[in-house]
Amino acid sequence: MLKLVLRRILESIPLLLAISLVTFFLLFHSPGDYLASLRADPKISDAFLKSEVIRLGLDQPWYIVWLKWLWGVVRYGNLGHSFTYKIPVTELIGARLFNTFLLAFCSTIFAWSIAVPLGIIAAVKQNKLPDRIASGIAFIGLSIPSVLLALFAVYFAAVTGTFPTGGMKSDTHFMMTDTWSRFKDIAHHLVLPTIVLGMGGLAIYTRQMRSNLLETLQADYVRTAMAKGLSHRTAVMRHALRNALNPMITLFGFAFSDLLSGAFLVENVMAWPGLGRTTIEAYTSKDLFTVAAAVMLASVMLIIGNLTADILLGLNDPRIRHD
Amino acid sequence: MRSVIDDAPPMWRVIRSNGLGIIHEDERQHPMTINANGLRAITLRTTTLAALALLCIGCAPKELRDQAAAGGEATTATATSTTSAIASLSGVVNVTLADQITSASIEHPTYTPPEGFKLPFPDALAARDITPGKRGGNLTYVAFGDGPKTFDPITANDSASNEVIARMFMGLVEFNNQTQTYQPGIAKTWRMEEDQRNWILELREGLQWSDGKPITADDVVFGARVIFDPKVANAGKDVLQVNGKPFIVEKVDDYTVRVKLDAPSGSFQALIGGLVALPQHAYEDELEAGTYEQALNINVDPAKIIVSGPFKLKLYESGQRVVLERNPYYHKYDQAGTQLPYLDTLVITYAPDMDQMLSRFQSGQADAFIRPRPDSLSNLAAGAAAGDYTVYNCGPGDGSNVFWFNLKMGLSPKSNKPYVDPTRHAWFSDARFRQAAMHALDKESVIRTEMRGLAVSTWGLESPASRFWYNSNITKYPFDRAKAGELLDAMDLKDRNNDGIREDAAGNPVSFTFITNKGNKVREKVASLMAADWKAVGIDARPQFIDFQALVTQTSDSFEYEACLLGFGGGGVHPANSMNVYLSSGRTHFFNPSQEAPATDWEKEIDELARSFNATLDINAQREKFNRMQAIMADQCAFLPLWTSSVFVAARNSIGNLKPSAITHEVLWNSDELFFK
């Protein structure tokens with residue numbers, strides 16, 4: 001297992017290098033640069049613009065900028081300074097990354113903890129009422145785009161007043177003194193974004209779980225188990241379910257990256273202060289190192305997601321040997 | 001703004017409290033303006049939003065549907081009336097100056113000022129024209145965007161940062177949005193010395209920083225040192241200069257500062273707004289260590305931000321909100337003797353889109369916001385009585401929408417071809433062509449349909465929001481297709497092959513492409529309507545929608561385009577801010593920028609007027625010169641001005657001393673005076 005982790009980490013290095021190279025190439029070759037806004041400002045002199053170009057290193061070819069950045073990352077662990085905020089991008093992105101991670105994490109828990117049992121029930125009670133209800137939920141989840149769902153959620157919150165319409169903390173959060181009410185406040189704000197973000201995944205996993213389990217339920221070894229006198233429950237839980245879970249775990253690795261991109265969208269509509277908003281703003285203002293750092297961090301999260309899936313897979317199914 | 005670009009991402013709204021800023025214009029009133037943020041997702045959202053709206057109306061209770069229908073009627077009514085009828089939009093209150101000043105006496109609770117700080121002292125500022133209020137309360141203002149980028153008054157270059165910084169740092173002089181004049185701030189008087197070049201600023205004695213240390217001339221000199229420090233990147237150094245020579249700021253005594261200028265400057269009053277008093281004791285070490293730019297970054301401990309203004313930073317939550325609390329050393333008091341500000345805390349929250357702003361206001365989470373979208377305005381106004389709030393129409397804002405032809409001559413160094421095709425360049429350079437293009441536009445109907453009547457047609461670059469400097473007496477080009485036809489006929493541009501498009505004598509069809517930024521749905525529709533108007537007089541104009549950043553590159557760097565449609569932001573009402581648009585040598589003289597010598601006689605005349613404007617010390621004589629500059633621009637139709645959107649403000653009725661205005665810092669400019677009734 002340790003070998004697997006090490007190998008995966010080594011493998012990810014060329015991958016990350018390639019991603020950063022492409023990111024820098026694209027940023028330098030898309031129209032406009034960070035100074036475009038200053039160019040249009042009548043108060044700013046050409047001399048100032050020229051000194052800024054040099055200070056920010058924008059007078060150099062993109063690959064030189066990339067190499068210098070890479071050196072900074074390798075040598076000092078420094079992902080660069082944000083042009084806009086004038087602080088190290090790690091400081092800028094750190095808090096935002098945590099918020100996005102929190103949202104993605106809660107959505108994952110929400111989606112999986114409902115999808116797996118729902119899928120099992122649907123499979124075991126195939127074509128009966130519980131199956132139809134579960135399928136109905138899945139179809140609704142699948143067919144409503146998350147943007148629309150987010151707008152529904154905002155509308156629901158505005159009309160009923162049961163949940164906040166957006167944000168991560170209420171405006172009075174800073175006045176709360178005890179940890180418990182602060183925690184409750186954030187949890188209250190988390191409910192709607194979590195549901196919105198998790199809904200799409202929930203639907204897919206439910207369907208997936210159902211079909212996986214249906215397949216294994218018809219397998220010879222399950223029939224054998226039942227023939228040997230095992231109860232239906234034990235046969236399903238001990239034999240069928242464990243095998244049906246394998247494809248689900250693989251799915252988990254990819255699902256995490258989907259969640260991240262979905263989170264960017266939900267963050268915008270529901271004012272969640274995550275990485276997505278910062279990244280989009282940084283992209284439009286061509287804040288080079290912030291965009292690069294956001295892309296790199298998202299890539300790292302994807303790699304970690306896949307690695308976790310592989311490890312879980314190994315734990316779940318002793319037949320799978322990573323070495 | 002003054003300067004440029006509209007639809008720049010909101011972060012570009014460069015605006016200082018003193019009105020020195022520039023660029024801005026996120027026309028947030030339009031749904032797609034957000035485009036500035038490049039959010040394709042938002043575009044997608046509009047469609048879904050429409051679907052949602054339909055759904056909501058379909059399944060909403062009857063009262064809701066009636067309300068929506070009423071809103072629809074109100075909108076239709078506006079659409080069929082002229083712009084002056086905006087006033088009739090039910091529930092909207094037009095801001096006039098007279099009804100803003102009231103007087104009443106209100107009891108005020110006791111409070112304990114910090115030790116050693118006692119109001120009033122002789123130089124403390126007495127606010128005489130305000131309603132005395134009571135202390136306490138928390139006001140929440142919801143703003144568009146992702147929040148401030150820095151808390152540093154010197155390097156800040158975006159509207160979100162400036163809005164917060166203006167609450168925390170008091171200027172040497174302060175701009176009053178209501179009277180549009182400069183008022184004493186930390187400086188109590190300023191006067192020119194006899195040589196007519198140098199200025200003496202007298203500072204108030206007894207003022208203290210939020211950490212209790214005195215505010216003295218050293219802090220003003222230190223502020224100037226930071227501005228002119230080569231390691232501190234800021235636009236201020238380009239502003240605080242005459243003829244390319246920086247101002248020299250020196251201490252005369254503890255409370256007197258001399259500002260030495262290289263030549264007399266008529267814009268000095270507007271320019272000293274760019275000088276900032278900064279606590280030397282707090283930041284000198286950082287400046288010497290070369291780390292000043294990070295001294296006031298967004299992650300810094302709030303206790304380290306030492307301020308002179310009404311509020312100090314309590315906390316900043318990245319992307320969510322700024323919480324400001326009362327600065328106990330603020331020296332302003334009202335006629336009842338109560339120390340300002342009245343509010344305990346001022347919270348500015350940030351919403352990533354317009355719907356969030358609206359819903360936070362309507363659900364009571366926010367007390368005020370500006371620039372609701374035109375399509376939500378009638379519903380917002382309809383709910384005013386029930387929600388106990390008022391929607392104010394503050395009149396035209398300080399931004400404008402402008403079209404221009406590229407008049408740049410010569411060869412592009414990149415492609416070695418002319419910037420503009422010589423045949424077309426010859427048409428564009430003829431004032432008659434530009435005037436014909438102006439006469440051909442039916443601006444009023446565009447305003448009625450696309451802007452929902454919530455904009456005012458303009459004929460010059462200056463907005464009517466600038467009460468002192470705006471010249472209304474300039475050449476106007478009302479919609480007149482026959483007149484446009486005559487002008488084009490006179491240029492011998494006629495439809496020679498009956499295809500509906502005019503040709504010149506050599507048979508070249510009169511056609512051109514104009515660029516505008518994509519993503520702004522209103523702008524995109526406006527561009528097509530303009531093209532249709534021009535087609536009706538035989539000009540084939542094709543809009544081309546490109547990314548905003550690419551557009552800036554084309555108009556300010558490569559110059560390879562034929563014409564451009566853009567919004568200019570507001571950057572303060574003083575002409576000093578927009579001189580580079582008028583000067584032929586200016587980089588933002590968009591239609592023909594950075595000329596070595598003026599290309600035409602009229603540009604030469606404008607250059608001379610601008611020069612004498614700056615050398616004139618009498619403000620009325622300055623106004624005459626600036627009026628003349630505006631008149632020449634309009635005669636020549638160098639820019640084709642289109643319209644300026646009206647600014648709306650929504651705020652709870654419980655806020656006292658509210659004086660909303662159409663220029664930057666619309667609501668919060670007098671935040672120290674706001675209170676809850």
Side-chain angles (χ1 to χ4, degrees), chain A residues 30-33 36-49 51-52 55 82 84-87 91-92 95-96 99 145 147-148 151-152 154-155 157-158 161 164-175 264-265 267-271 273-274 277-278 280-281 283-286, chain B residues 2-5 8-9 11-12 14 20 22-23 37-39 41 44-45 48-49 52 56 140 146 149-150 155 233 235 238-239 293-294 297-299 314-315 317-321 323 347 349 351-353 355-356 359-360 362-363 365 547 549-550 552-553 556-557 577-578 580-581 586-588:
Chain A
S30 59
D33 65 27
S37 56
L38 299 181
R39 282 203 190 91
D41 183 338
K43 285 185 321 180
I44 289 175
S45 69
D46 286 334
F48 178 66
L49 281 175
S51 69
E52 280 291 276
R55 190 178 69 90
S82 157
T84 321
Y85 291 84
K86 302 189 171 82
I87 54 174
E91 276 182 38
L92 175 66
R96 300 299 189 93
N99 294 348
V147 192
L148 188 60
L151 286 167
F152 269 128
V154 172
Y155 178 75
T165 53
M168 180 179 166
K169 296 170 181 174
S170 39
D171 291 326
T172 50
H173 187 85
F174 69 94
M175 298 175 187
F264 282 21
L265 201 73
E267 278 169 14
N268 238 308
V269 181
M270 307 195 71
R277 280 164 65 192
T278 316
I280 290 166
E281 199 177 79
Y283 173 73
T284 40
S285 63
K286 303 278 168 191
Chain B
R2 21 317 229 147
S3 39
V4 173
I5 320 273
M11 70 187 77
W12 299 1
V14 173
L20 272 184
I22 294 211
I23 307 212
N37 269 345
L39 302 177
L44 173 63
R45 197 169 54 73
T48 43
L49 194 61
L52 179 69
C56 294
T140 305
D146 203 38
K149 310 285 172 269
T150 174
T155 56
D238 288 339
V239 176
E293 285 196 339
Q294 283 142 57
N297 79 56
I298 52 162
N299 286 341
K314 185 179 173 76
L315 84 139
E317 288 168 340
S318 174
Q320 300 175 75
R321 66 184 60 75
V323 179
V347 178
T349 64
D353 71 27
D355 298 318
Q356 275 284 338
S359 70
R360 285 192 207 174
Q362 288 190 316
S363 68
Q365 291 176 65
D547 273 338
Q549 302 262 342
V552 173
T553 305
S556 306
D557 199 18
N577 298 314
S578 50
N580 276 332
V581 180
R587 203 187 53 252
T588 49

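The chains referred to below are lettered A, B, ... by the order of the sequence lines, with proteins before strands, and numbering in each begins at 1. Any value given below was found using the heavy atoms of this structure, including those in side chains, with hydrogens, waters and symmetry copies removed. Remember, predicted model here, so these are calculated numbers, not experimental data.
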### Task
Of all the heavy-atom pairs spanning B:Arg360 and A:Ala271, show the shortest one and how long it is.
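It is NH2-CB, 3.2 Å.
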### Contact summary for B:Ile298 and A:Tyr85, nearest pair of heavy atoms
CD1-CD2, 3.4 Å
### Task
Answer yes or no: is there a donor N or O on one side and an acceptor on the other, between the side chain of B:Gln320 and the main chain of A:Gly167, under 3.5 Å?
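No, the answer is negative, given that no donor and acceptor are paired below the 3.5 Å cut-off.
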### Heavy-atom donor-acceptor pair, B:Arg321 side chain to A:Lys169 backbone, under 3.5 Å
yes
Against chain A, label [X] side chain, backbone, both or neither, depending on which of its atoms sit under 4.5 Å from a heavy atom there.
X: B:Gln356; result: side chain
X: B:Glu317; result: side chain
X: B:Thr140; result: side chain

## Note on the structure
Rounding to 0.5 Å, atoms CD (A:Glu91) and CD (B:Gln294) come to a distance of 8.0 Å
### Distance (rounded to the nearest 0.5 Å) between A:Ile87 CD1 and B:Thr150 OG1
9.0 Å
### Query
Which region of A:Glu52, side chain (C-beta onward) or backbone (N, CA, C, O), has a non-hydrogen atom less than 4.5 Å from a non-hydrogen atom of chain B, or is it both or neither?
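Contact with chain B: side chain only.
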### Message
Using the rule side-chain contact (heavy atoms from CB on, under 4.5 Å), only one of A:Asn268, A:Ile280, A:Val269 pairs with B:Pro352; which is it?
### Response
A:Asn268
### Query
Among A:Val154, A:Thr165, A:Leu49, who wins on heavy-atom pairs under 4.5 Å with chain B?
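Highest number of heavy-atom pairs under 4.5 Å: A:Thr165.
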### Query
Between A:Ser82, A:Gly274, A:Ser170, A:Ser30, which residue shows the highest count of heavy-atom pairs closer than 4.5 Å to chain B?
A:Ser170
### Task
Decide yes or no on side-chain contact (heavy atoms from CB on, under 4.5 Å) for A:Arg96 and B:Asp146, but give the supporting numbers first.
CA-CA 12 Å; A:Arg96 300 299 189 93; B:Asp146 203 38; 3.3 Å; yes
